[in-house]
Amino acid sequence: MRDERDHPRNPGLSVPEAPEAVRRYRKPPPLHGRESHIRIFDPENEARQVYGETQRSRDGSLPHEEHGPSAVLKALDPFWTRGIIPEDEANHADAGETQA
Amino acid sequence: MTATEESSAFADAIREQLKLAIEPQEFDSPEFQRDPFPLYKRLRDHHPIYQDLFHKRWVVSRYDDIVEVFQNNDDFDRAVYDPKGDYEFGKKQVFGPNILEYGNSAEHRFLRNVVADQFVGNRLAGFLPFIEQIARELMGKIWEKSADDIARGFSDTGEVELVSEFTTQFPIRVISNMLGLPREDEDTFVRWYQHLIVGLGFGGEYFAKGMQARNEMWDYLDPLIRRAEDSPGEDLISRIVHAEFRGQRMNVDEIKGFIALLLAAGGDTTDKAIANMWYHMLYTRPDQFENEVQRDPSLWTNVFTEMMRYDPVVHGQARHTTREIKIHGEVIPERAVVSLMLGAGNRDERVFKDPDTYDMLREDLHMGRELRSGRYPDGKHGHLGFGMGQHFCMGYAMARQEAIIACTRLAEAMKNPRPKFPTHEGITSPNIGSGGFRAPKELWIQFDVN
């Protein structure tokens, strides 16, 4: 998380008003009251299910493939099929949330 | 189950998975540019968070998730920003140093507060007669009639190609006139902004052309900014030059960068919005055009709002994670690019009934003026076309007013408007010419001649 006081233009602008300028953004409650699917990842207490330590990148770079593996290899590799919601589940999972 | 049956079931399972899997290259295909909505649906239903290894990004496509990212400034930043490294503001963008590069910082809030109130409320209302005048002048130019004649519906050619003859001309003339730029140079501004937009979306020679246009524009603006400093008028440049927030003003480079951004963002998007509105009225819902809008022109506001939901000009925005974030069970690394597919969120069946139908009378969409918070007193959902939160489109009110004024006056000037051709290739994007925004390439309209 960056500190806004480090911004090249901020010294002199924000420092005198530090309490207000650096106040944390207060996250509003979700719109329409539906469940949120976004949260901060807790590496201490959660298994890293998606990308392993070898793919983890703190400098912003991500694994890059020019052309991607073949479709068959993808299908056989759980990395490519993880997280896909099956057709029948997708059709029913959120039916109750539709607003007329 | 025999070994053969087991093997066959396994193969079937693989085939089913393959149908749902997404190739990153699909985002670059001509099919996606013409009709992105089938892929959007697969994303929403089967990959609500999708890691696109080819474009190095994570794609978010459901309405609620997009809204939450927009509203979460702590975890998702607008700009690429390295607090420990050097970042050369203005070096990598055709616009020069501008408000968007400052991400979610206090600097962004400062720059936005300096100029935001110029585009809403009473200050915008003061410009409305002026916008009307430009619309009528342009229509007069097209049909070689006086503005008064056009207002009475007189015209004598019987057809018009709306994109080249009106929509690409109108918003840029409005914004350049608001800025107080000389009217005789308007054609030059149109050329500059077209090069800026293409330079923004594409690299190589297009970026070089964009930078050349930017440099020409900056040289041109220098004396105008100095004049506005010494003897301010009522024009927008004077207001921007003298606008203060907490005792500070923009510096000269920031003013130039902002004007370049304003010409391009304020011109190109509204231009395409007007073309899209007419496209939907002529080809998507001619029944609603004839039965509703032609009888009650105040419904152009609904036409605008539903267009911004159904197929907005801008389909994507990017954010950057400031720490590791978990969405739908997938962990996104720190400082990764997150692509918010606004066009996909707008068609989310979890939010809008019958989302693939254009219906300007739909009851589940907030039809009035947009709010930055996305929270409406009527409890309805808003479209995502202007974004939301800290980076909500600053020109939203002006774009809406301009588009509605232009469409209303065009409808008055053309008697019985109808498509010249029975079929149309449709709204498309991105291509080199459009800079990535969605719009019809051309739109021929015929009308009765008095």
Side-chain angles (χ1 to χ4, degrees), chain A residues 1-4 6-10 13-14 17 21-22 24-25 27-28 30-32 34-43 46 48-51 55-68 71-72 74-76 80-87 90-91 94 97-100, chain B residues 14 16-21 23-25 45-49 51 53-54 56 62 64-65 67-69 71-75 77 80-81 83 87 89 102 104-107 110 246 248 322-336 349-353 364 373-375 379 381:
Chain A
M1 189 63 193
R2 74 157 189 254
D3 185 342
E4 288 180 352
D6 290 339
H7 192 285
R9 274 284 298 261
N10 282 351
L13 174 69
S14 63
E17 300 172 66
V22 301
R24 282 185 61 80
Y25 177 77
K27 192 177 171 182
L31 272 180
H32 305 285
R34 288 191 286 265
E35 181 196 355
S36 167
H37 294 280
I38 302 177
R39 59 185 176 74
I40 298 166
F41 178 63
D42 177 4
E46 285 188 83
R48 195 179 297 278
Q49 295 170 343
V50 173
Y51 61 97
Q55 293 181 46
R56 183 174 179 182
S57 169
R58 287 221 168 254
D59 67 358
S61 65
L62 287 167
H64 182 61
E65 296 184 23
E66 286 299 328
H67 304 292
V72 173
K74 275 186 192 177
L76 294 172
W80 286 96
T81 53
R82 67 182 155 68
I84 296 179
I85 302 173
E87 189 82 62
N91 291 340
D94 301 294
E97 294 179 6
T98 303
Q99 299 214 345
Chain B
I14 288 177
E16 283 306 307
Q17 290 282 23
L18 280 174
K19 279 186 206 164
L20 305 178
E23 291 272 2
Q25 286 87 344
D45 286 351
H46 306 291
H47 311 264
I49 177 75
Q51 185 183 7
L53 291 167
F54 186 73
K56 293 187 170 186
R62 286 190 184 174
D64 284 346
D65 298 334
V67 166
E68 198 174 341
V69 171
Q71 295 187 324
N72 185 340
N73 289 344
D74 264 358
D75 303 331
D77 201 332
V80 184
Y81 183 89
Y87 184 75
F89 287 93
Y102 293 106
N104 297 356
S105 65
E107 182 69 12
F110 160 71
R246 292 179 182 163
Q248 290 218 4
T322 60
R323 57 184 144 209
E324 288 182 315
I325 297 294
K326 196 166 187 174
I327 307 182
H328 289 283
E330 307 259 346
V331 185
I332 305 178
E334 184 183 336
R335 297 191 62 229
E349 42 287 274
R350 294 156 193 80
V351 170
F352 297 110
K353 189 181 175 187
D364 54 3
S373 67
R375 293 167 193 278
H381 297 77

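We name chains A, B, ... by the order of the sequence lines, and we start the count at 1 in each one.
With values rounded to the nearest 0.5 angstrom, D75(B) atom CG is found 9.0 Å from I38(A) atom CD1.
Considering all non-hydrogen atoms of both residues, R34(A) and R350(B) come closest at NH1-O, 4.5 Å.
H37(A) is not listed as a side-chain neighbour of D64(B), based on a closest heavy-atom distance of 4.5 Å or more.
The residue from I332(B), V331(B), I327(B) that alone fulfils the side chain to side chain contact (heavy atoms under 4.5 Å, CB included) condition with F41(A) is V331(B).
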